[in-house]
Amino acid sequence: MEVKELSKTDFAKNPVIAQMMINNHEQVVFCNDNATGLKAIIAIHNTVLGPSLGGTRMWNYNNELEALTDVLRLSRGMTYKSSVAGINLGGGKAVIIGDSKKIKTEALLRRFGKFVDSLGGKYITAEDVAMSSRDMEIIHMETEHVSGLPENMGGSGDPSPVTAYGVYVSMKASAKETWGNDSLSGKKVLVQGIGHVGEVLVDHLTKEGAKVYINDISEERVKEVANKYKAEFVAADKMFDLDIDIYAPCALGATVNDDTLGRLKCKIICGAANNQLAEETIHGVEVGKKRILYAPDFVVNAGGIINVYYELEGYNRERALGHAEKIYDTTFNLFQLAKKEGIPTYLAANRLGEQRIEAIARINAVL
Ligand code: NAD
């Protein structure tokens with residue numbers, strides 16, 4: 001996809017449009033409502049493959065520019081994620097500016113729903129940070145263009161089991177690339193974060209006979225998961241020095257950084273967390289130098305968006321899981337592309353995403 005280099009003057013003249021030009025965003029909608037206190041930005045990055053879909057994040061940004069930068073970055077990420085996952089969705093995202101604990105009300109959410117509705121389906125929203133499925137129900141009072149609704153409303157419910165399954169098959173594809181066969185039996189795997197996704201991943205791994213280590217900041221979660229799956233707890237200050245085969249980040253982003261890369265002894269990094277590489281262009285290259293195979297996060301954790309996609313088609317969990325299974329081939333193929341082109345795996349994943357969009361844009365252009 002076309003990327004533009006811009007000068008300081010470009011930014012001074014057009015602070016918003018210049019930012020949109022960098023990664024060729026299609027549309028940005030600024031929303032304001034004095035009565036409810038709603039201040040939101042909806043960013044539509046690319047709709048070549050289909051309507052843009054991405055969650056709404058509520059966050060107390062320091063300023064508007066921070067919010068704009070975040071929504072542009074996140075919406076672009078959704079374009080790539082859906083493209084590589086092989087689903088017919090484009091990339092979009094929304095941010096609501098403010099402290100969710102202080103200003104989130106039914107009226108504010110419904111006003112936001114009206115803004116989403118005004119886009120006529122070009123943007124479909126879903127849950128993200130500080131937004132719950134109950135909030136989605138409220139937004140849904142004003143617009144049909146909401147996904148991730150609870151099962152009792154005809155929605156797809158919690159996407160985590162599908163996400164976890166995608167992580168599991170992606171890990172198997174990574175094992176095949178590294179050791180020549182995809183069995184995880186006997187492999188030592190560290191799962192950091194045993195929440196909704198992490199626990200289901202631990203379940204898959206245990207069933208396959210992997211030796212599972214777990215870490216979480218919640219003592220309660222650790223106790224529960226360690227007992228249920230006979231997984232071994234490892235303290236935060238020790239986990240990156242452990243002798244392991246696979247590291248699965250399933251808690252938070254940026255855990256692949258200068259510090260951890262100096263310590264990690266694993267052969268594979270493959271987990272659910274978003275934005276695992278602290279600095280993509282630095283740590284995405286460093287992993288390769290350390291002979292660690294990095295399975296790009298947005299390829300690995302696409303089960304969530306795949307799940308929501310099937311909600312739009314009339315939800316069927318078997319179909320969602322069937323599609324998530326393809327993450328195995330996608331992961332394996334991107335490793336082959338990275339080797340063939342001599343590029344880091346994160347870059348190969350980006351190229352796969354771009355290739356599909358460019359190919360479909362060409363057929364769309366045929367009269
Ligand atoms: P979750 O909130 O259910 O679980 C996260 C777990 O990580 C919690 O148990 C929490 O206590 C733990 N945690 C938080 N900070 C930690 C730290 N510093 N060290 C160790 N543990 C810590 O979230 P989830 O739904 O399981 O998602 C996990 C990750 O995967 C998130 O980064 C999320 O953005 C990403 N993801 C999730 C989905 C999905 O379908 N749920 C889809 C795509 C990506």
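For reference, positions follow the sequence shown, starting with 1. Every number for a ligand or one of its atoms is a count from 1 in the order of the listing.
If you check which protein heavy atom lies closest to atom 25 (O) of ligand 1, you get H196 CB, 3.7 Å. Nearest protein heavy-atom contact of atom 20 (C) of ligand 1 is N215 OD1, 3.3 Å. Summary of contacts: the protein heavy atom closest to atom 4 (O) of ligand 1 is G195 CA, 3.2 Å. The protein heavy atom nearest to atom 31 (C) of ligand 1 is A251 O, 3.5 Å. For atom 14 (C) of ligand 1, the closest non-hydrogen atom of the protein is I217 CD1, 3.6 Å. Ranking protein heavy atoms by distance to atom 44 (C) of ligand 1, first place goes to A272 O, 3.4 Å. The protein heavy atom nearest to atom 26 (O) of ligand 1 is V197 N, 2.8 Å. The nearest heavy-atom contact from the protein to atom 33 (C) of ligand 1 is N274 ND2, 4.3 Å.
Other members of the cluster containing F240 are L190, Y213, V234, M239, L242, I244, Y247, V256, L261, L264, I269, L277, V287, I292, Y294, I343, Y346, L347, with ILVMFWY side chains joined at under 4.5 Å, either directly or via other members.
Side-chain contact, Y229 with E199: a donor N or O sits under 3.5 Å from an acceptor N or O.
For ligand 1, the atoms lying closer than 4.0 Å to a non-hydrogen atom of L252 are 16 (C), 17 (C), 18 (N). Near C250, the atoms of ligand 1 lying under 4.0 angstrom from a non-hydrogen atom of the residue are 28 (C), 29 (C).
With salt bridges taken as basic N to acidic carboxylate O contacts below 4.0 Å, one links K211 and E232. The residues E224 and K228 are annotated as not salt-bridged, no charged nitrogen and carboxylate oxygen being separated by less than 4.0 angstrom. Under the 4.0 Å criterion applied to side-chain N and carboxylate O atoms, D182 and K176 are not assigned as salt-bridge partners.
Within the 4.0 Å cut-off (strictly below), a protein heavy atom is located near atom 7 (O) of ligand 1.
By the 3.5 Å distance cut-off applied to N or O atoms, T163 is counted among the residues near ligand 1. The shortest N or O to N or O distance between K81 and ligand 1 is not below 3.5 Å.
The side-chain contact (heavy atoms from CB on, under 4.5 Å) test with V146 singles out one residue from E137, M141, H140, and that residue is H140. With D243 as reference, K188 is the one residue of K188, R263, K267 to meet the salt bridge (Lys or Arg N to Asp or Glu O under 4.0 Å) rule.
Ring centroids of H204 and Y165 are separated by less than 6.0 Å, placing the two rings close together.
Residues L205 and K187 form no side-chain contact, since every pair of their non-hydrogen atoms from C-beta on lies 4.5 Å or further apart.
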